[in-house]
Amino acid sequence: MSKRKSKESISTNGECISQVQKLLRERLCHHYATGKLFGTEHQYRHLLELLKRTTVHGESNSALIIGPRGSGKTALLNHVLKDLMEIKQVRENLLEVRLNGLLQTNDKVALKEITRQLRLENVVGDKVFGSFAENLAFLLEALRKGNRTSSCPVLFILDEFDLFVHHKNQTLLYNLFDISQSAQTPVTVIGLTCRQDILELLEKRVKSRFSHRQIYVINSFDFKQYVRIFKEQLSLPAEFPDETFAQKWNNNVQLLSVDKTVQDVLQNLFHYTKDLRSLHLLLMLAVSNVTVHHPLITASDLQEASKQYRMDSKANIVHGLSVLEICLIIAMKHLNDVYEGEPFNFQMVYNEFQKFIQRKAHCMYNFEKPVVMKAFEHLLQLELVKPIERPSVRTQREYLLMKLLLDNNQIMDALQVYPNCPTDVKQWATSSLSWL
Amino acid sequence: MGIMNTQQQNKIIYSWYGKPTNSDRKLRTLQYKGIIIKSERSRTEKCIQLGDFVLIEGENADQPFVAQLLDFYEDGAQQKHAVVQWFSHITEIPQNKRKLLKREVSPQEVFFDQVSGYDNDIAVETIIESVLVIPLHPKEELPITLNKEKIFYVKQSWDGKCFKALSTDTFSKLKDANKKGDETKKVARSVMKTKNVEVEIESKHSASKSSLSKERYSQRVANGTKTPTARKKLQLNSMYMAIFCPFGFECSVFRASSFLGSLSSGNTVFLATLFKLWASRSAYSLLKTHAISVSYSLLNMIDSSQEEDFLSSSDGLYSSSSEEEDNDVFCTPEKKTKAGRIFSTPKSSRKPSVHTPAKTLKKTPLPGTPKTPRNATPEIPRRSHAAQKPASMLEEARLRLHVSAIPKSLPCREEEFQDIYNFVESKLIDGTGGCMYISGVPGTGKTATVHEVIRCLQQAAENDDVPAFEFIEINGMKLTDPHQAYVQILELLTGQKVTATHAATLLAKLFCTPGPKRKTTVLIVDELDLLWTRKQNVMYNLFDWPTQKHSKLIILAIANTMDLPERIMMNRVASRLGLTRMSFQPYTYKQLQQIISSRLNSVKAFEEDAIQLVSRKVAALSGDARRCLDICRRATEICEFASQKSTPEIVRMAHVTEAIDEMFSSPYINAIRNASLHEQIFLKAILAEFRRAGVEEATVQQVYHQHISLCRMEGMQSPTVSEIMAICSRLGACRLLLVESSNKYLHMRVRLNISQDDVMYALKDE
């Protein structure tokens, strides 16, 4: 009886868990679509009013949303648009054109995309777009024909706005801003960028036509709010089917948020970056650990996730190296110390290695030079060392000048955790060459 | 037709017909009475004489001009010229004046052009072919014709202001000009009956009765071996003409008379048939009786053997001032017979027939090929809900303050306006061309002022204060390539769409050859600096055309920099641009104040001080009116936002200050203050490293060491290298730092994008 009950609870639990996984993963991965806005109420109001005026009054505008990566620029815009679309008058009155600087790499492509998104290409059949010039004239003509009161407003959203600045003559930007400042079809141009110096990149004519509305999105919350965000992101909503489970889960989250270790993990992350995306990534790693047998997130889950998250990539590579390769890296470290970061070549490293072998021949097998060379080239492939100039036919491989891409701290940290490292090698790493 | 002509241009030879009739020593001109156009391709030649109606190549290839030839002469430079009387198509008449007609006008109808100011001196090379222009009384309906292309009707005259019925004088003059129509054509077609029959009768009678004519007549008969073939050819011609070009005008009176003469010795029989033919077809009894009386009087007159008598009486009959060549024909037959014979040779009569089909064949495939469909004029969909009207005072103010709102007048640019206006007006009145270079920093009202000038001039042209002109505009920023300027200009002028190189040649031809009946063109070239090419040929051409004698092109070039001509233009371009320059100074705060006040007009939405603050601030920064208006607009929003619950407010200092701060405050300080702790420490580490090394550049590795020691001091966990790299690239993406490409990893060099003081200031305050 009790067995069956436990089995049942497991199966219901299983359902719950899969639902939790689905819900939270969706929230954490598509954070901007569903997520709430934190600390951007003012910007939200500003943008909402701006777009409302565009659609309702047919007023042309231009604005830039500026903020560091992961600060929620797109989230803000999407949020505003979602709320706007609930107004009927807006929904039926707005044409949206979305461009991305990474996709529309020049004005020609951008114009084609605009035409496509405005559904103008079917008006003209397939024969018109012979040349870029025709395309531009065509589009400008189309936009010029409208006027404030009768044409449908067009919203241009330029993601990665800073990349559009590099297009030739900034033709697209000039024309978009020019339309927004003249009595033609009402358009609103919204640019999204992370560059704070974006205005300096605009050409003076383009800059003059830009309305200089800048909406700065900054993660201005403090740690308390950060913890609250953490809680909100993990909590299950009230409409979750299994109420008891949701209750249990939410209680657990509440407990976690006051736990010392969790607070430390969060504090570290908060100090490292205020970007909410990193928080989502951390939570994602923790949520992935949730299974039927491990139904609630624990503090150690989060700690583990944090460790995984903060892993040093280069030091990780060092863990997987052979002893010979470690020896070569140590030799390079010493060369760096001696020559104060001046570049070295293979021959120098080999000599350094030979010195070590001669002293401590009993613990290391004396590899032949080609073998050492092979090991060295492996390091080269792993990009732990990097040639400072391109290898040319003339210079021999042994004498190609290199630089080590590891810091002393990284090497020492990696050696600490390197399994089965010979003591002599460890000693050699720590002691400078004074004993030689 | 124009297109074809340009293609064949080099293959068409224009030569004078006959010897100079008159020469003016002072002007060194020689007058002629006809021209022979020889086309090498089709091996034909046709002769056009004074008084003939012709089509003249215009800027629009689809719509050649109609004109009557009044004079031919060759100037000192051996250029062949013609003086013409213009006729206007309905499309040439301004849209707003067409209403005056109060009726539908068929494309076949033209108007006797009495507009002054058109250059009636043209190059003969622009003559395409001859056509027929038939005067009609105002009440008459346009006859339905077989072929619509080569025949035009004229009912009224047009003098630029109103339409008038043709004066009897003009009417008869035009009638006379038609008399040279060929008999064969008459048979083929029913339209020109009356007048032409008279001519035939006239010539026939004169031929039969007068001794001199008789002499010529017999001569013709003696050459009889040729005439039948000529006749056959003529019939052939008429067939061709019926199909392609029934009103080719190449046949002369002489041929017609000789043909008639050879047709029958019993003139009366032929006459009778002709009359019958004509009477049966003629619907207008009035005309009929008139014609009959004419013919009777002719018969009477011809009895008198004196040619001069005949002439004078015929002159009287046709209300004087009949064409000179008619006189030539009749009064100096001896001299003319030779010439006449040349005219009447089968060869010359054949040429229209051969020529026309060639032309038409050529023409038919043309229209389809080069033209991209003009109907491709798309539109942004209409909005489904009407735009809301401004509800509050602030909204009204915002609407008025939008840059796009066109104010009734442009305050503070009166002087510049007047200068530009005077310049363009004087050129318009003189009918010459010229350039003006207008410079000024962005937002100082250059384009707006120029547009205002054009608007005023267009108004003036409508009121007939200045000659009508054509206005086109190109913008360097709206072109994808400098050479596209040609394409756009040509398209705006004529509607043709061609490639850039072809457009350049067409435009050069248009502006450099004495253009027939061309209005002055005012061309605005905005953002001139973008038309720069390495060879500068676009700019060169643009500024070269106005200097051409016949171009009638006025260019207003607008750019940002005052010294553009000196800086980027070659000497030959700068020299052609000339020295007519104007520079728009940035607005002073008083002007900006005035601009805002005039826009707001009666709407009391702003405090006086608030306006002054904005104006002073902007004037100190750039003097850009757009900026000024944008700030005001933003201030109304802030005001609206702040006073949502309470009673409507007007914009005060506080709102304006907030708007200004929002737009001009440096974002860096705020960005640094809101950065995460490690990002801030990284910046501190950079400062420390800079101080240590004494160089304003450091590698990430160096900064990393500083970072670690800073962390140790604060007792914090130090970040890993990967984290440091991420921090560095984040700061680099915001452009707080300038970083090298990241493939150098630890050896990547870092620099600050803002001053060290700013960083310190931002970090210290916390």
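Proteins come first, then strands; the chains are lettered A, B, ... in the order of their sequence lines, and each starts at number 1. Every value quoted in this text rests on a predicted model; they were computed, and no experiment measured them.
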side-chain contact (heavy atoms from CB on, under 4.5 Å) between B:Asp630 and A:Phe210, worked out: CA-CA 9 Å; B:Asp630 282 335; A:Phe210 169 57; over 6 Å; no

Could you work out, with salt bridge (charged side-chain N to carboxylate O under 4.0 Å, His left out) as the rule, every residue matching B:Arg626, not counting sequence neighbours? none

Before you tell me yes or no, could you show the steps for A:Glu59 and B:Glu395 under side-chain contact (heavy atoms from CB on, under 4.5 Å), namely the whole-Å CA-CA distance, both residues' side-chain angles and the distance that decides it to 0.1 Å? CA-CA 11 Å; A:Glu59 186 183 301; B:Glu395 281 178 13; over 6 Å; no

If you count heavy-atom pairs under 4.5 Å with chain A, which of B:Arg633, B:Glu662, B:Gln701, B:Gln488 comes out on top? B:Arg633

Are any of the side-chain nitrogens in B:Glu527 or A:Arg209 under 4.0 Å away from the carboxylate oxygens of its partner? yes

Checking heavy atoms, do the side chain of A:Asp162, its backbone, both or neither come under 4.5 Å from chain B? neither

Are there more than 12 heavy atoms of other residues, nucleotides or ligands under 6.0 Å from atom CZ of A:Arg91? yes

Got a salt bridge between A:Asp275 and B:Arg730, using NZ or NE/NH1/NH2 to carboxylate O under 4.0 Å? no

So which of B:Ile631, B:Ile727, B:Ile681 has the biggest tally of heavy-atom pairs under 4.5 Å with chain A? B:Ile727

Can you tell which part of A:Tyr272 gets under 4.5 Å to a heavy atom of chain B, answering side chain, backbone, both or neither? both

When rounded to the nearest 0.5 angstrom, what is the spacing between CZ in A:Arg213 and CE in B:Met663? 6.0 Å

Top contributor to chain B contacts, counting heavy-atom pairs under 4.5 Å, from A:Lys274, A:Gln170, A:Lys207: A:Lys274

Should the ring pair B:Phe664 and A:His212 be called parallel, tilted or perpendicular, given that the plane angle runs from 0 to 90° and is split at 30 and 60? tilted

Quick one: what part of A:Leu172 sits under 4.5 Å from any heavy atom of chain B, side chain, backbone, both or neither? neither

Proximal component of A:Thr55, with respect to chain B [non-hydrogen, under 4.5 Å]: backbone

Is A:Asn175 in contact with chain B via its backbone, its side chain, both, or neither, using a 4.5 Å heavy-atom distance? side chain

What part of B:Tyr704 gets within 4.5 angstrom of chain A, counting heavy atoms only: side chain, backbone, both, or neither? side chain

Below 4.5 Å from any heavy atom of chain B, which atoms of A:Gln196 appear? Answer side chain, backbone, both or neither. both

Answer with side chain, backbone, both or neither: which region of B:Leu479 has an atom nearer than 4.5 Å to a non-hydrogen atom of chain A? backbone

With chain B, which of A:Thr171, A:Asp197, A:Val154, A:Leu118 has the greatest number of heavy-atom pairs at distances under 4.5 Å? A:Asp197

Cut-off 4.5 Å, heavy atoms of chain A, and the answer for B:Leu731 is neither

Chain B shares the most heavy-atom pairs under 4.5 Å, among A:Gln214, A:Glu383, A:Lys403, A:Met311, with A:Lys403

Top residue by heavy-atom pair count (under 4.5 Å) with chain B, among A:Gly58, A:Pro68, A:Gly341, A:Ser220? A:Ser220

Is there a side-chain contact (heavy atoms from CB on, under 4.5 Å) between A:Asp407 and B:His705? Walk through the geometry before answering. CA-CA 9 Å; A:Asp407 192 70; B:His705 288 291; 3.0 Å; yes

Counting only heavy atoms from other residues, nucleotides and ligands, does the tally under 6.0 Å from NZ of B:Lys617 exceed 12? no

Measure B:Met716 against the heavy atoms of chain A and call it side chain, backbone, both or neither at under 4.5 Å. side chain

Donor-acceptor under 3.5 Å (B:Ser676 side chain, A:Phe270 main chain): no

Can you say whether A:Gln267 sits under 4.5 Å from chain B via the side chain, the backbone, both, or neither, judging by heavy atoms? neither

B:Ile672 side, atom CD1; A:Ile218 side, atom CD1 - distance, nearest 0.5 Å: 11.0 Å

Winner by heavy-atom pair count (cut-off under 4.5 Å) against chain A, out of B:Gln484, B:Arg634, B:Glu679: B:Arg634

Toward chain B, the part of A:Thr185 with a non-hydrogen atom under 4.5 Å: side chain

Going by distance alone, is a donor N or O of one side chain under 3.5 Å from an acceptor N or O of the other, for A:Ser313 and B:Ser722? yes

Mind checking whether B:Leu746 and A:Gln410 have side chains closer than 4.5 Å, heavy atoms only? yes

Count the heavy atoms belonging to other residues, nucleotides or ligands that lie under 6.0 Å from NZ of A:Lys204, then report whether that count exceeds 12. yes

Between A:Ser208, A:Cys194, A:Pro153, the one whose heavy-atom pairs under 4.5 Å with chain B are most numerous: A:Ser208

Is the positively charged end of B:Arg673 above the ring of A:Tyr216, judged by distance under 6.0 angstrom from the centroid and angle within 45° of the axis? no

Distance check, rounded to the nearest 0.5 Å: B:Asp526 atom CG versus A:Arg205 atom CZ? 9.0 Å

Per-residue contact mode, B:Thr444 against chain A (heavy atom under 4.5 angstrom): neither

Shortest non-hydrogen contact from B:His747 to A:Leu404? NE2-O, 2.9 Å

Side chain, backbone, both or neither of A:Ser71 within contact of chain B (heavy atoms, under 4.5 Å): neither

Can you name the residues that form a salt bridge (charged side-chain N to carboxylate O under 4.0 Å, His left out) with B:Glu658, not counting sequence neighbours? none

Determine, for B:Tyr745 and A:Lys314, whether the Lys NZ or Arg CZ falls below 6.0 Å from the six-membered ring centre while staying within 45 degrees of the axis. yes

When heavy-atom pairs shorter than 4.5 Å are enumerated against chain B, which of A:Leu50, A:Asn409, A:Leu95, A:Asn219 gives the highest number? A:Asn409

side-chain contact (heavy atoms from CB on, under 4.5 Å) between A:Asp178 and B:Lys478, intermediate numbers included: CA-CA 10 Å; A:Asp178 195 52; B:Lys478 297 186 178 173; 3.1 Å; yes

Answer whether the closest heavy-atom distance between the side chains of B:Phe641 and A:His42 falls below 4.5 Å. yes

Measure A:Leu140 against the heavy atoms of chain B and call it side chain, backbone, both or neither at under 4.5 Å. side chain

Check this for me, if you would: do A:Glu200 and B:Arg735 make a salt bridge, where the nitrogen-to-carboxylate-oxygen distance has to be below 4.0 angstrom? no

So for B:Glu723, is it side chain, backbone, both, or neither that comes closer than 4.5 Å to the heavy atoms of chain A? both

